[in-house]
*Asks:* 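Could you have a look at this structure, given as structure tokens, before my questions?
Numbers restart at 1 for each chain; the letters A, B, ... are given by sequence-line order, proteins then strands. Heavy atoms only: backbone and side chains are in, while hydrogens, waters and symmetry mates are out.
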Amino acid sequence: MALALYDTETRTLREFTPLIPGHVSVYLCGATPQGAPHIGHVRSSVAFDVLRRWLLAHDLDVAFIRNVTDIEDKILTKAAAAGRPWWEWVYTYERAFESAYDILGVLPPSALPRATGHITQMIEMMQRLIDNGHAYASQGDVYFDVLSYPDYGRLSGHKLDDVQQGESAGEGKRDPRDFTLWKAEKPGEPSWPTPWGRGRPGWHIECSAMAEYYLGGSFDIHCGGMDLVFPHHENERAQARCAGDGFAQWWLHNGWVTMGGEKMSKSLGNVLSIPNVLKRVRPQELRYYLGSAHYRSMLEYSDTALDTAAKSYQGIERFVLDVATRAGSVPAGKWTDAFAAALDDDLAIPRALAEIHGVVHTGNKALDAGDVTAAAEAAGSVRAMLAILGVDPLDEHWAQPSQDASAAMSALDVMVRADLDRRQQARAEKNWSVADEVRDRLGAAGIAVTDTADGPQWSLEGERSEGRN
RNA sequence: GCGGGUGUGGCCGAGAGGCGAGGCACCGGCCUGCAAAGCCGUCAACGCGGGGUUCGAAUCCCGCCACUCGCUCCA
């Protein structure tokens, strides 16, 4: 295996070798569902979904854990402000996130652990940290003693001396930079019993505890957004290492989506929700767009860039569907060496896309030359490559017309066919005005007509593959 | 204050010393009754200033400018 991945901790591209041959363990910091998912959240899950698919393509057994932070300050504040129970609030948005992931074809994780379901593991880990002198309880809070861990700052590149005042100054802290493992109970907030009193988890301990529980003390890859490097991942690492774990061997971080040059975030109010984006393009097209920039680059969102990506994808899709029509079927084939080389090089999807376009071009030329066999071979290869990116147009995930929709399409086909027959008759008589009138009328109704070597075909605007011969 | 990142043709975006990725748009041609799609071809770039590298830098070094991020919740 020649896969190389950029590791944040060492700031280098390192050839990937799993701890246990044949197995890969991955932990992805999932969302804190306190509001609707936006395009930035989805970029992260899609980027690491491609990593997962590529690992699977290497015949590796992948354990992929993504957590849900279901207890946290903002959840409590927002739910309280809305007058709703915190657990209802977080569950509502957890569902919204999962739905967005499903729509985009993100493979479901091996497990989707929630923080509140792992209090036991957190207490156990905190006890270990206290026992070996890396944490202390104070006035019902539990803090991590940053000065007890000389390696603190290694992941993010921060020097301890340069770290400004950490989170809100607790009176019981030994050092202002110590961070909270456990927060003492406050009136009106949920709490759980611990040896140090009732309270609730801090943000960082949950991931260390859950990663250890599901993947063991040492695992292969830890993923998340670039904005989590400090303090979240730095703290996770400190906790786990001090608790005796080897923890993550690779740290992967994705760049964020920007709008107007600024990071998309709720606090800036420049978020673009998934349902809104999906009014503009189909989910496959959104996925394709997210891969058009390297996962570690920032992606500056614009409607035109999204539209451009959608058109680019449609060109590939059209090729595959045309071949499927001409050849009857297109069995998935094998990706090209250039494609594999691109993905092996830190998931260089932009380069992989260039390769896909190259194969599409070759296939179109074959199609032009009437060589359907060669075209089908190219299309099979394209399918295999698109499958790694999660956007194979012939994947059943993207073809899910309901019973009603299929019936409606069949009925529509009968009616459109009648018009097309009339138009063919007119064309045969070189009565172009009648032929164009029929085409224009169908077009106005959102039905696009194209003449091909195999006769006229129609499709609904924005749809593909419907109503074909 | 401390620590990062970015600046490529009309637009999006790869590349990272040497044969000018790819997409979208534009223009010309083929095909088509006309379109659409496809094919052939054209166009055009490396923020600014200066230097080094046994010849060559968008790519390395120095200086500058602009934009941007982290150090606080954040994919």
Side-chain angles (χ1 to χ4, degrees), chain A residues 11 28-32 34-35 37-48 69 72-75 77 97 153 156-159 161-168 177 203 223-232 234 253-258 260-268 271 288-289 292-302 304-316 318-319 322 338 342 348-358 360-361 363-369 426-428 430-433 435-436 439-440 443 448-453 457 459:
Chain A
R11 279 145 211 269
L28 168 62
C29 271
T32 301
Q34 35 128 336
H38 60 66
I39 186 174
H41 295 119
V42 152
R43 184 187 186 191
S44 185
S45 54
V46 166
F48 298 120
T69 301
E72 182 260 354
D73 290 4
K74 276 196 178 164
I75 292 170
T77 337
F97 271 82
S156 58
H158 282 87
K159 294 186 190 72
D161 291 343
D162 296 335
V163 174
Q164 297 184 345
Q165 165 81 29
E167 43 191 287
S168 54
R177 292 162 299 195
W203 179 31
C223 314
M226 206 81 95
D227 41 4
L228 297 180
V229 175
F230 190 92
H232 186 50
E234 189 70 61
H253 292 99
N254 67 279
W256 41 67
V257 179
T258 59
E262 288 181 308
K263 184 174 75 158
M264 190 175 286
S265 73
K266 294 219 176 59
S267 47
L268 292 170
V271 297
Y288 181 92
Y289 169 64
S292 65
H294 186 93
Y295 79 93
R296 285 194 285 115
S297 309
M298 287 198 247
L299 181 65
E300 166 67 18
Y301 176 84
S302 72
T304 51
L306 180 62
D307 292 345
T308 295
K311 281 187 189 171
S312 176
Y313 176 72
Q314 286 159 19
I316 300 170
R318 188 160 41 229
F319 165 67
D322 284 351
I349 297 176
R351 254 161 64 203
L353 292 179
E355 173 64 8
I356 290 172
H357 281 285
V360 167
H361 189 229
N364 269 323
K365 276 199 277 195
L367 222 43
D368 258 22
R427 292 182 75 205
K430 297 198 189 301
N431 188 346
W432 309 127
S433 63
D436 290 348
R439 185 169 63 187
D440 290 347
V449 175
T450 54
D451 297 313
T452 74
Q457 299 184 349
S459 63

*Asks:* Can you tell me if the side-chain N/O atoms of A:His41 get under 4.0 Å from OP1 or OP2 in B:A75?
*Replies:* yes
*Asks:* Does OP1 or OP2 of B:A25 have a side-chain N or O of A:Lys311 closer than 4.0 Å?
*Replies:* yes
*Asks:* For B:C34, does the base pair up with any side-chain atom of A:Asp451 as donor and acceptor (N or O, under 3.5 Å, distance only)?
*Replies:* yes
*Asks:* Expressed as a whole number of Å, how far does the C1' atom of B:A58 sit from that of B:G13?
*Replies:* 15 Å
*Asks:* For A:Ser292 and for A:Ser44, locate the closest nucleotide of RNA chain B by heavy-atom distance; then report the residue assigned to the nucleotide nearer the 5' terminus.
*Replies:* A:Ser292
*Asks:* NA contact type, A:Glu72, heavy-atom cut-off 4.0 Å: base, sugar-phosphate, or nothing?
*Replies:* sugar-phosphate
*Asks:* Kindly assign one of parallel, tilted or perpendicular to the pair A:Tyr288 and A:Tyr313, based on the angle between their ring planes and the thresholds 30° and 60°.
*Replies:* tilted
*Asks:* Base, sugar-phosphate or nothing for A:Ser312? Non-hydrogen atoms, less than 4.0 Å.
*Replies:* sugar-phosphate
*Asks:* So, is A:Ser297 close to the B:A14 phosphate, meaning a side-chain N or O under 4.0 Å from OP1 or OP2?
*Replies:* yes
*Asks:* Now, which nucleotide makes the Watson-Crick or G-U wobble pair with B:C11, with each of the two distances under 3.5 Å?
*Replies:* B:G23
*Asks:* Check side-chain hydrogen bond (donor to acceptor under 3.5 Å, both in side chains) between A:Asp307 and all other residues, then give those that pass, not counting sequence neighbours.
*Replies:* A:Arg280
*Asks:* With sugar-phosphate meaning primed atoms plus P, OP1 and OP2, does A:Gly224 contact a base, only sugar-phosphate, or nothing at under 4.0 Å between heavy atoms?
*Replies:* sugar-phosphate
*Asks:* Mind listing the N/O atom pairs, protein and nucleotides 2-5 of chain B, below 3.5 Å?
*Replies:*
| unit_1 | atom_1 | unit_2 | atom_2 | d |
| --- | --- | --- | --- | --- |
| B:C2 | O2' | A:Asp162 | OD1 | 3.4 |
| B:C2 | O2' | A:Asp162 | OD2 | 2.4 |

*Asks:* Using the C1' atom on both, measure B:A57 against B:C19 and round to a whole Å.
*Replies:* 15 Å
*Asks:* For A:Gly315, which contact category applies under a 4.0 Å heavy-atom criterion: base, sugar-phosphate, or nothing?
*Replies:* nothing
*Asks:* Does B:G18 pair with anything, Watson-Crick or G-U wobble, both distances under 3.5 Å, and if so, with which nucleotide?
*Replies:* B:C55
*Asks:* Return no unless some side-chain N or O of A:Lys365 is found under 4.0 Å from OP1 or OP2 of B:C40.
*Replies:* yes
*Asks:* Please give the distance between the P atoms of B:G9 and B:G5 as a whole number of Å.
*Replies:* 22 Å
*Asks:* 5'-most contact on RNA chain B: A:His294 or A:Arg427, nearest heavy atom basis?
*Replies:* A:His294
*Asks:* Provide the distance between the two C1' atoms, one in B:C60 and one in B:C46, to the nearest whole Å.
*Replies:* 16 Å
*Asks:* Among the nucleotides B:G22, B:C73, B:G70, which one has an atom lying closest to any side-chain atom of A:Trp256?
*Replies:* B:G70
*Asks:* Nearest to the A:Leu228 side chain among B:A75, B:G33, B:C71, which nucleotide is it?
*Replies:* B:A75
*Asks:* Between the base of B:G33 and the side chain of A:Asp436, is there a donor-acceptor distance below 3.5 Å?
*Replies:* yes
*Asks:* Please check the phosphate of B:A21 (OP1 and OP2 only) for any side-chain N or O of A:His357 closer than 4.0 Å.
*Replies:* no
*Asks:* Rounding to a whole Å, what distance do you find between A:Asn364:CG and B:A36:P?
*Replies:* 16 Å
*Asks:* Is there a Watson-Crick or G-U wobble partner for B:G1 with both distances under 3.5 Å, and which nucleotide is it?
*Replies:* B:C71
*Asks:* Students often mix this up, so state it plainly: with edges at 30° and 60°, are the rings of A:Phe230 and A:His158 parallel, tilted or perpendicular?
*Replies:* tilted
*Asks:* Using the P atom as the reference point in each nucleotide, state the distance between B:C67 and B:C73 in Å, no decimals.
*Replies:* 28 Å
*Asks:* Does B:A35 have a Watson-Crick or wobble mate here (both distances under 3.5 Å), and if so which one?
*Replies:* none
*Asks:* Write down the distance separating the C1' atoms in B:G10 and B:A25, rounded off to the nearest Å.
*Replies:* 7 Å
*Asks:* Does A:Arg439 put a side-chain nitrogen or oxygen below 4.0 Å from OP1 or OP2 of B:A35?
*Replies:* no
*Asks:* At less than 4.0 Å, is any side-chain N or O atom of A:His361 found next to OP1 or OP2 of B:C40? Yes or no.
*Replies:* yes
*Asks:* Starting the side chain at C-beta, find the nucleotide from B:G15, B:G23, B:A75 nearest to A:Thr308.
*Replies:* B:G23
*Asks:* Using the rule given for side-chain contact (heavy atoms from CB on, under 4.5 Å), can you reason through A:His253 versus A:Tyr295, listing the C-alpha separation, both sets of side-chain angles and the distance that settles it, and then say yes or no?
*Replies:* CA-CA 8 Å; A:His253 292 99; A:Tyr295 79 93; over 6 Å; no
*Asks:* Both distances under 3.5 Å, Watson-Crick or G-U wobble: report the partner of B:C43, or none.
*Replies:* none
*Asks:* Give me the distance, rounded to whole Å, that separates B:C62 from B:G51 when you measure between the C1' atoms they each carry.
*Replies:* 7 Å
